[in-house]
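Report on one structure; see the data block that follows.
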Amino acid sequence: MLNKGSRAAALPAVSELDETLLSHRKINKETSKIMDYPANFIHDIIEKDLAKGIVNKIHTRFPPEPNGYLHIGSAKAIRINFEAAKRYGGLFNLRYDDTNPEREEDEYVRSIHEDIVWLTGEEPTGGIFFGSDYFEKCYEVALGLIKSGKAYVCDLSGEQMREYRGTLTEPGKESPFRNRSVEENLDLFTRMRAGEFPNGHCTLRAKIDMASPNMNMRDPAIYRINHTEHHRQGDKWCIYPLYDYAHPLQDAFENITHSCCSIEFENHRPLYDWVVEQLTVDNGQLTVDNGQLTVDNGQLTVDNGQLTVDNGQLPVGPTNRPHQYEFARLNMTYTVMSKRYLRELVESKLVDGWDDPRMPTLSGLRRRGYTPSAIADFLDRAGYSKAQSVVDIAMLEHCMREELNASALRRIAVTEPLLVTITNFPEDKSEMFPISNHPGNSDMGKRELPFTRRIYIERSDFSDNPPPKFHRLKPGTEVRLMSAYIIKCDEVVRDGNGEIIELRCTADLETGNGVPADGRKIKGTIHWLSAEHCTDSSIMQYERLFTAEEIPGDADYTDFLNKDSAKLISGVKLEKTLETAKPGERFQFVRLGYYTPDSKNPNVFNSIVDLKSSYRP
RNA sequence: UGGGCUAUCGCCAAGCGGUAAGGCACCAGACUUUGACUCUGGCAUUCUCAGGUUCAAAUCCUGAUAGCCCAACCA
């Protein structure tokens, strides 16, 4: 369905692929949804690498910092990495990038894992790792860098460092500490680790190029001192590697082949490559006993089978090193995606936690009733490119509707009940009408709904002052009660305030639940519930969180919060079959939308998405 | 003359020198015991702009323009 035939031509020739890959592809073609996942530029790169034998087994990763909950933008990063591995028979790692002890918490570690498993439907095939578990290895590599004169301890303060760094248009100046001896650097760095210096006293910097037009290359700090307890390492460390240094090393340690991240890291790629290259053969890390290293068919082999690595680190070379690729991050209309805003919404109690059903977080979407498959479908349809964009949230809603239309059982809910008395129907009679669980799919079966003299219909399904094309109940005309009688409104009963409190109608008992013998056409069909056989419940009706498609960058985003984004509707009547509904089950409330029981509040149903309605008064 | 990236329908997005896929949204019609679904038709003579190369350009070249990212001891 989403597969583009034209993409087939871009795939490498069959002969260029190895057997495992081939069989994988064949299986997918016949049975799985995976092949429907459209190719993208990342796949193009991977397929070229595979075809050329540059890589043998694809290995990707998703490296969240455990400092917040995952959102649908994170899901894009997960999916791009996860699907690349899956599609090409590779492995996918979850790696917590927990190199900053001040921001990370175990709660987030837990939620991230839960969300990823929910989204992908499986535990990460390559394993779960923590960046902080590599601190010792990172430290050793840093020692190597110092020994080869590629890193130095710098005593410049933060402010001084900023001055020395130069500006976007002017080159920086070299630090006065740049040419310290290897011995001095080694001594200082050892003492940094030993805790001899307070926070901010000095840093370890990579010696690259203070005049580089890329600010990231102007001798970036790669280690800082921070005497803060780490959520996982406790007080074991007081020096922490920075992202630009730690991340490429982590990728290399895990034998990641394709490291896909979002576009803002594009400027960091030269530094990523620089760090990775410090791990190459001539760095002294790899010893091959006769000096001969060859690569055959993407397979790393050594002439006589003898390969030694001095610290257990797999050697990195031209054919087995990680590469970083960037894709555009996801933006959606009527919501915000930055973790900062999401956290603020939670902390200021503007929403009911990270899993508030209005939030674009995965936990929020899950609680709202969204499915992983609809999210994946949405992500794939929105596509993966490098162009900055804002995807219409209507596309997400469409994906959810499309899936639920096929899978959700139809049920009846009357949200604003208006009493209707069927005057020609006996007081003590109860008649069962069979009603389909899904009009388009008889395999989903049917149930029986009791019909009695007193029923409820939606207040909005009656009007005594109907606008044009009002195909519902109005005085003197007929309407179909879904799967039951045709009724005609004879009388409108009002209370002292003129409020309509009851409708008195007569049913066409001759026709019953059938087509009228005289062939007359009934325009409208409305839903109903026996007033004696229904249950009381509530609905949380959700709308978009914000009132504007995009929040202007210079505005206060709280000014754009939609005050009606969550409305509790109580006094809702539901058919009895819904009494046993459990969170995780999704229903179509006929003519209204899709709903699911809220996981936190018993007897409350969350609106997932409304049905598309083309009626305009 | 800081560097990098990106520009194809209202919103996404294919396209990789051979004469503009698809999805969402929208509009019109058919069907309908859900104003849903489904179906049918309509939605870029044109690819940010201006030149150039070519039999042929969204695709190549040149030059503009616009948007995004970069000056944390964050990730």
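Residue numbering restarts at 1 for every chain, and letters A, B, ... go by the order of the sequence lines. Heavy atoms only: backbone and side chains are in, while hydrogens, waters and symmetry mates are out.
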Rounded to whole Å, CD1 of Ile393(A) lies from C1' of rC12(B) at a distance of 14 Å
Contacts satisfying salt bridge (Lys or Arg N to Asp or Glu O under 4.0 Å) that involve residues 200-215 of chain A (not counting sequence neighbours) are none
Applying the 3.5 Å cut-off to both distances, the Watson-Crick or G-U partner of rC26(B) turns out to be rG42(B)
In whole angstroms, the gap separating P of rG23(B) from CG of Leu379(A) amounts to 19 Å
Quiz item: On a whole-Å scale, what distance lies between the C1' atoms belonging to rU34(B) and rA44(B)?
Solution: 36 Å
Within residues 67-76 of chain A, the residues having a heavy atom closer than 4.0 Å to RNA chain B are none
In the structure I gave you, are the side-chain heavy atoms of Ile208(A) and Pro270(A) within less than 4.5 Å of one another anywhere? no
As its Watson-Crick or G-U partner within any shown strand, both distances under 3.5 Å, rC60(B) has rG52(B)
Atom CZ of Phe378(A) and atom C1' of rC24(B) are separated, to the nearest Å, by 10 Å
Atom CE of Met210(A) and atom P of rG2(B) are separated, to the nearest Å, by 19 Å
- Task: Test the Arg193(A)-Tyr139(A) pair against the cation-pi criterion, namely NZ or CZ under 6.0 angstrom from the six-membered ring centroid and within 45° of the ring axis.
- Result: yes
From CG of Asp380(A) across to P of rG23(B) the rounded distance in Å is 16 Å
Whole-Å distance, Glu550(A) CD to rC12(B) C1', equals 13 Å
Base, sugar-phosphate or nothing for Gly514(A)? Non-hydrogen atoms, less than 4.0 Å. base
Taken in chain and number order and not counting sequence neighbours, the residues that satisfy side chain to side chain contact (heavy atoms under 4.5 Å, CB included) with Arg103(A) are Glu65(A), Asn67(A), Asn100(A)
Rounded to whole Å, the CG-P distance (Leu396(A) to rC12(B)) equals 15 Å
*Would you confirm whether Thr511(A), through its side chain, and Gly514(A), through its main-chain N or O, come within 3.5 Å as a donor-acceptor pair?*
no
Once base and sugar-phosphate atoms are separated, protein heavy atoms under 4.0 Å mark nucleotides 70-75 of chain B, 5' to 3', with B, S and - as BBSBBB
Residues at least two apart in sequence or cross-chain that pass side chain to side chain donor-acceptor pair (under 3.5 Å) with Thr228(A), listed by chain then number, are Asn226(A)
Between CD1 of Ile412(A) and C1' of rU33(B) the distance, given in whole Å, is 11 Å
With B for base contact, S for sugar-phosphate-only contact and - for none (protein heavy atoms under 4.0 Å), nucleotides 34-42 of chain B reads BBSS-----
Residues pairing under ring-ring contact (aromatic ring centres under 6.0 Å, His included) where one sits in residues 387-412 of chain A, two or more places apart or in two chains, turn out to be none
Does Ser483(A) reach a base, just sugar-phosphate, or nothing at all? Heavy atoms under 4.0 Å.
base
Phe587(A) meets the ring pair (Phe, Tyr, Trp, His ring centres under 6.0 Å) criterion, sequence neighbours left out, with none
Same-atom distance (P) from rG4(B) to rA25(B), integer angstrom: 40 Å
For Thr547(A), the side chain to side chain contact (heavy atoms under 4.5 Å, CB included) test, sequence neighbours excluded, returns Phe560(A), Asn562(A)
Base orientation of rA13(B), chi within 90° of 0 counted as syn, else anti, reads anti
Item checked: Pairwise C1' distance for rG23(B) and rC49(B), with rounding to whole Å -> 29 Å
For rU65(B), the nucleotide meeting Watson-Crick or G-U wobble distances (both under 3.5 Å) is rA7(B)
As its Watson-Crick or G-U partner within any shown strand, both distances under 3.5 Å, rA36(B) has none
Sorted by chain and number, sequence neighbours left out, side chain to side chain contact (heavy atoms under 4.5 Å, CB included) with Pro241(A) holds for Thr99(A), Phe135(A), Tyr223(A), Tyr245(A), Ala246(A)
message = Students often get this wrong, so: under 4.0 angstrom with heavy atoms, is Val515(A) touching a base, only sugar-phosphate, or nothing?
response = nothing
Subject >> Pairwise P distance, rU8(B) and rC73(B) [rounded to whole Å] >> reply: 36 Å
Exercise for review: Taking atom C1' in both rC9(B) and rA21(B), compute the distance separating them and give it to the nearest angstrom.
Suggested key: 13 Å
Same-atom distance (P) from rA64(B) to rA58(B), integer angstrom:
23 Å
Quick note, salt bridge (Lys or Arg N to Asp or Glu O under 4.0 Å) partners involving residues 157-169 of chain A, not counting sequence neighbours, are none
* rA36(B) and rC31(B), which share atom name C1', separated by this distance in whole Å -> 13 Å
Discussion item. Rounding to an integer number of angstrom, what distance separates rC61(B) and rU53(B) when you compare their C1' atoms?
Written reply: 7 Å
> Is the ring centre of Tyr334(A) less than 6.0 Å from the ring centre of Phe546(A)?
Replying inline: no
Residue set satisfying side chain to side chain donor-acceptor pair (under 3.5 Å) with Ser212(A), at least two apart, ordered chain then number -> none
